[in-house]
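Values reported hereafter were calculated over all heavy atoms of this structure, with side chains retained and with hydrogens, waters and symmetry mates removed. Just follow the structure's listing: the first ligand is 1, and inside any ligand the first atom is 1.
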Amino acid sequence: MSESTRKTGTSLLRWACVPHALVLYLSILSVLFNSCDTVDRSKFRTCDQSGFCKRQRAVKEGYSKYKVDLSNGQVSSDKVTFSVVNPDGGHKYILQIIAYDGVFRVKFNEESPLHPRYEVEHALLPDLKTTSMQVSKGSDSWTLTIGENAVAQVFGDPLRVDLFSQGKKVAVFNGRSTLKFEHLRQKPDVNEEPKEADDSENDVVESSMWEESFGGNTDSKPRGPESIAADIDFPLTQSLYGLPEHADTFMLKDTTNSDPVRLYNLDVFEYELDNVMALYGAIPYVIAHSPEATVGVLWLNAAETWVDVGVSKGGLVDSIVNLVGGSEENKEGRTRWMSESGIIDTFFFMGPKPADVIRQYGKLTGTTPLPQMWAIGSHQCRWNYNDEDDLLSVDANFDKYDIPYDSIWLDIEYTDGKKYFTWDHHKFPHPVEMINNISSKGRKLVTILDPHIKRESGYFLHEDATNQDLYVKDKNGKIYEGWCWPGSSSYLDFFDPKVRQYWASLFALDKFPSTLDTYIWNDMNEPSVFNGPEVTMPKDMMHYGNWEHRDVHNLYGLMHIMSTFEGLLQRSENRLRPFILTRSHYVGAQRYAAVWTGDNKADWGHLKISIPMCLSLSISGMSHCGADIGGFFHNPDAELMLRWYQTAAFQPFMRNHAHIETKRREPWLFGDQITSMIRSVVRKRYALLPYWYTLFYENEKTGMPPMRPLWLQYPDDVNTFPIQDQYLIGKCF
Ligand SMILES: *[C@@H]1O[C@H](CO)[C@@H](O)[C@H](O)[C@H]1NC(C)=O
């Protein structure tokens, strides 16, 4: 970025510190109604319908007896390693505490599992720098200190880790002794009499442990039960945030009388508002905030995960009253995390202030590289712009109506029969000339590229993938076939470096007819499988490295966008910044892509929820966030369209997009008055672009998101904690 741009941005920061009508728009939205329910719930599991979630949720406080051998901890400068035994049955585990700058990592795994258990790759930055700890050994506990103010106290019997920031206890790991680690085991012989349970982890014996059916699909579970869970509590506060992606409140709600919050990347048709059902992305990360201290917790696990949230004692209102009144009661927020496989690997970002937590999280998981100025402008999309003439006339109308915009998008219909990296040569006979026509005005084209590949002989990508062994397979080594947009499809295994390299090579301009002004939209990457269990890939499919889909599910989209990012870099010989929009996301996805909230709906409730959804994503790293303007499904009326533009103009990612069965909704189609009001707010957006650009620069450097909850800026003001219909753009706008 040039020096002059930077200066403009800085001066904007100064003049922008005035109250603005934005807050007013948003307050109006907050009183409007939510939509009615439309999602087909029977397609998606509840906790009760998920074997491991049901087993883990039944665990009572005081259940686990894991004992840490404090007499024999192995100390190196940045790491302490203990052996742990479960006295019920004697199974052995390893507990490790690792130090990074301002961060404790608590890892717990079997000492010698029957086969390796998956540890998440690619989410964290490579080559993380650890830091040294001071270690003080006691007989009941060890005390580990990073710097001056971050302390972890490890208790032996039962296992517990207390975390202190500036002398205050901010988090407790396994304080309620609900840690339950299902160690790997041989499948019992069905002819044998059921044995006495030989340890506490076998005390619930259920058929779902070795095979499980749901909605006509059977999960063969060849490795049996292997779930993990632990409680992590926050003694200072019930103000918990995070765990995107959900169409729910910004501040996490109590789940005692509902399902736990579910993290399992899914393509949910017509999703509902105000509930904890899974959506397209999963970031297992919580920030617990109070005026006294702020702490973040990352549960680094890519398998299906459910999180129980306990903020019930007195509830939100009471807890604020108590905070105001200085009462010590009812302050503790509780969480319990349950994952289907993998290991327990948690990170405690010790703060003490919200900005510190944000920075610490960014240092481990990366930040969003500064987007191009055009990428933070206004985007125009539709499923679909039909052909070259259609696209050019929409483009020309933006000029005619004098509404600024920076990119036009093509959804799946531009391809030849949903075969990605091809063009429909009847509708788009001159793609390169068409793109050049657009980019001669300084605009870009964004085309969609999904991870499912049409199984059609003669299609080069399918032929290559078959011949070069690039597809996900089933457990017998047969290529997996599912159903998606093109019909019968197979799925590239982006976990294989060879596949990532292959995919990246396809962006070369002599392979994909396009130009350097063509950027990419990666959709359907949960992955979406229309005929799969819960509209996704069966858990017993196999990926590179002999991992089951079960272990890596939530990472699939990240691997997809990583490959696309590499392709866009290679295409320009590392000269040009990539731009990618993704639907699926996981920890670290912010390093590669912007995100939108998926297939929302043309109603006021969906407009309103775009704010808490993007706030939640913003504090969890995914800072370049937006929602489809107008709502993807159904038709917005003129007022909704206008209000949506007025809202989206003040969100980080701004795109008008619609379903193929909706009426056209380009901004000049709602009457002159609406057109002029949309023009005016889009111009406001453009007037502020240098400010947004500067904020994104700050975001890259510090992790601080451009779209900020009020408490991020005013951490001591408890009145701001539940607010989700107002936010700040930067410090004070
Ligand atoms: C590009 O623009 C020129 C000049 O307006 C026009 O004649 C031509 O048809 C356009 N081509 C495509 C493929 O859009």
Which residue and heavy atom of the protein sit nearest atom 13 (C) of ligand 1, plus the separation: Glu388 OE1, 3.3 Å
Check: Tyr385 ring centroid to Trp409 ring centroid under 6.0 Å: no
Trp668 six-ring centre to Arg679 NZ/CZ under 6.0 Å and within 45° of normal: no
Of the listed options Asn437, Asp395, Asp389, Ile438, closest to atom 3 (C) of ligand 1 (non-hydrogen atoms): Asn437
Within reach of ligand 1, part of Asn436 (heavy-atom separation under 4.0 Å): neither
Ring-face cation of Arg685 near Trp692 (centre distance under 6.0 Å, axis angle within 45°): yes
Shortest protein contact, atom 11 (N) of ligand 1 (heavy atom only): Glu433 OE2, 2.8 Å
Worked check of side chain to side chain contact (heavy atoms under 4.5 Å, CB included) between Arg708 and Leu695: CA-CA 11 Å; Arg708 299 180 190 169; Leu695 291 173; 4.0 Å; yes
Nearest non-hydrogen protein atom, atom 14 (O) of ligand 1: Leu392 CD1, 2.8 Å
His430 N/O to ligand 1 N/O under 3.5 Å: no
Within 45° cone and under 6.0 Å: Arg382 NZ/CZ vs Phe632 ring: no
